Amino acid sequence: FPPDSSWDAAYERELQTFEDIGDAGEIWFGEESMIRIIRWLEKQKIPLDSSVLDIGTGNGVLLIELTKSGYTDLTGIDYSPSAIQLSEKVREKEGMSNIKFQVEDFLAPSAELSGFDICIDKGTFDAISLNPDNAVGKRKQYVRSLCSVLKPEGFFLITSCNWTKEELLNEFREGFEILEELPTPKFCFGGRIGNSVMALVFRRK
């Protein structure tokens, strides 16, 4: 698994591409993962002024789609300064000044990062879990950080390709209860059907 510096290098390449041709680069887990999140928010009639935190925002495209759906209080954080630069450029191109982007290490979040109604994670928990250096401790710290930034009764939407539902329930058992599993594409291998992607909604207790 790539060390942190290669994430930065990847986003630097995407930043260069965006500056050259206006393409924001890859959407983590594809378009359908964004549509799935937005549909759930709409189905639950989540108020449009709810505060939303995108953990590991990457190129910020999810928040741009949320803005197009009418959401107004959006924050994206990423460990990679190049990712934040890229997301700011994408935001400028789209003319969406309501989205805040900031460089943050979610395992040591700054004090002003708190009181969110909704936190969304597409692949960041996966990336943290694969860190060869103290992955278990980092996962526990992730859950502590999540408890500190998300309001009680707030929602946490996680999309993962590394963890089963049972494993995620176990990782987030302290402080969170499962609300629902969102439908994701199934794949069939050797006659057994499995999910390559898991999407769950938790509520903070």
Side-chain angles (χ1 to χ4, degrees), residues 1-15 17-18 24-34 36-37 52-66 74-88 90 101-110 113 116 118-150 155-176 182 184-185 194-202:
F1 188 74
D4 292 330
S5 59
S6 66
W7 283 112
D8 231 14
Y11 283 119
E12 271 165 29
R13 280 196 302 279
E14 292 199 348
L15 188 57
T17 308
F18 183 76
E26 283 198 55
I27 296 171
W28 213 237
F29 294 119
E31 295 272 353
E32 51 146 19
S33 65
M34 295 201 299
R36 191 184 306 127
I37 289 165
V52 178
L53 177 67
D54 187 17
I55 301 163
T57 194
N59 54 18
V61 172
L62 172 62
L63 294 181
I64 283 168
E65 291 305 314
L66 283 171
L74 304 172
T75 302
I77 59 169
D78 206 288
Y79 184 81
S80 158
S82 302
I84 294 299
Q85 266 183 290
L86 175 62
S87 52
E88 284 173 342
V90 175
F101 287 116
Q102 56 205 62
V103 177
E104 285 270 358
D105 177 359
F106 190 64
L107 299 184
S110 59
L113 221 57
F116 287 94
I118 294 157
C119 289
I120 300 173
D121 180 323
K122 293 178 26 261
T124 299
F125 185 71
D126 284 359
I128 286 170
S129 325
L130 290 172
N131 191 309
D133 178 33
N134 186 18
V136 174
K138 286 187 162 74
R139 293 204 301 271
K140 285 191 161 56
Q141 183 54 52
Y142 180 102
V143 177
R144 280 197 293 271
S145 294
L146 188 60
C147 284
S148 77
V149 303
L150 185 62
F155 298 115
F156 173 54
L157 287 78
I158 182 168
T159 306
S160 166
C161 62
N162 289 355
W163 300 95
T164 64
K165 181 178 179 180
E166 288 66 37
E167 287 168 332
L168 287 169
L169 293 182
N170 185 47
E171 290 290 330
F172 292 95
R173 68 186 184 279
E174 285 175 31
F176 295 88
L182 303 183
T184 59
N195 278 37
S196 54
V197 175
M198 183 56 58
L200 300 178
V201 181
F202 289 92

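Quick caveat: nothing in here was measured; it's all calculated off a predicted structure. Hydrogens, waters and symmetry mates play no part in the numbers below; they use all other heavy atoms, side chains included.
- Considering every non-hydrogen atom in both Val149 and Leu113, the closest pair reads CG1-O, 3.1 Å.
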Evaluate the ring pair (Phe, Tyr, Trp, His ring centres under 6.0 Å) criterion for residues Phe172 and Phe156: first the C-alpha distance (whole Å), next the side-chain angles of each, then the deciding distance (0.1 Å), finally the verdict. CA-CA 10 Å; Phe172 292 95; Phe156 173 54; 5.2 Å; yes
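- When all heavy atoms of Gly56 and Thr124 are compared, the pair lying nearest together is CA-OG1, 3.3 Å.
- Here CG of Asn170 is found 9.0 Å from CZ of Arg139. Values are rounded to the nearest 0.5 Å.
- Counting only heavy atoms from C-beta outward, the side chains of Lys122 and Ile37 approach each other to under 4.5 Å.
- Between atom CE of residue Met34 and atom OG1 of residue Thr159 there is a gap of 11.5 Å, rounded to the nearest 0.5 Å.
- Contacts of Glu88 classified as salt bridge (Lys or Arg N to Asp or Glu O under 4.0 Å), with partners at least two apart in sequence or in another chain: none.
- The CZ atom of Arg144 sits 9.5 Å away from the CD atom of Glu174 when rounded to the nearest 0.5 Å.
- A 4.5 Å side-chain heavy-atom check between Asp54 and Leu74 finds every atom pair outside the cut-off.
- Looking at Ser160, its side chain never comes within 3.5 Å of a backbone N or O of Asp126 through a donor-acceptor pair.
- Rounding to the nearest 0.5 Å gives a distance of 14.0 Å between NZ of Lys140 and CD1 of Ile128.
- Between Phe125 and Ile158 the shortest side-chain heavy-atom distance falls below 4.5 Å.
- Annotation: side chain of Thr57 is not in contact with side chain of Leu62 (no heavy-atom distance under 4.5 Å).
- Atom-to-atom distance recorded for Glu167:CD and Ser129:OG is 9.5 Å, nearest 0.5 angstrom.
- Nearest heavy atoms, Leu86 versus Asn59: CD2-CB, 3.6 Å.
- The heavy-atom pair separating Ser145 from Phe106 by the smallest distance is OG-O, 2.7 Å.
- Side-chain contact between Ile120 and Ile118: present, with at least one pair of heavy atoms (C-beta onward) separated by less than 4.5 Å.
- Between Val103 and Ile77, the closest side-chain pair of non-hydrogen atoms is not below 4.5 Å.
- For the residue pair Gln102/Thr75, the side-chain donor-acceptor check at 3.5 Å is not satisfied.
- For the pair Leu157 and Phe202, the minimum side-chain heavy-atom distance is 4.5 Å or more.
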Could you go through Phe155 and Cys119, starting from their C-alpha distance and side-chain angles, then the distance that decides it, and tell me whether this counts as side-chain contact (heavy atoms from CB on, under 4.5 Å)? CA-CA 6 Å; Phe155 298 115; Cys119 289; over 6 Å; no
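- Inter-residue side-chain proximity for Asp121 and Tyr142 is flagged as met; some heavy-atom pair is nearer than 4.5 Å.
- Under the side chain to side chain contact (heavy atoms under 4.5 Å, CB included) criterion, Lys165 pairs with Leu169, Glu181, Met198, Leu200, sequence neighbours left out.
- Listed here is the closest heavy atom pair of Gly58 and Ser87: O-CB, 3.7 Å.
- Summarising the geometry, atom CZ belonging to Phe116 is positioned 9.5 Å from atom CG belonging to Leu150; distances are rounded to the nearest 0.5 Å.
- Nearest approach of Gly76 to Ile84, heavy atoms of both residues: O-CD1, 4.1 Å.
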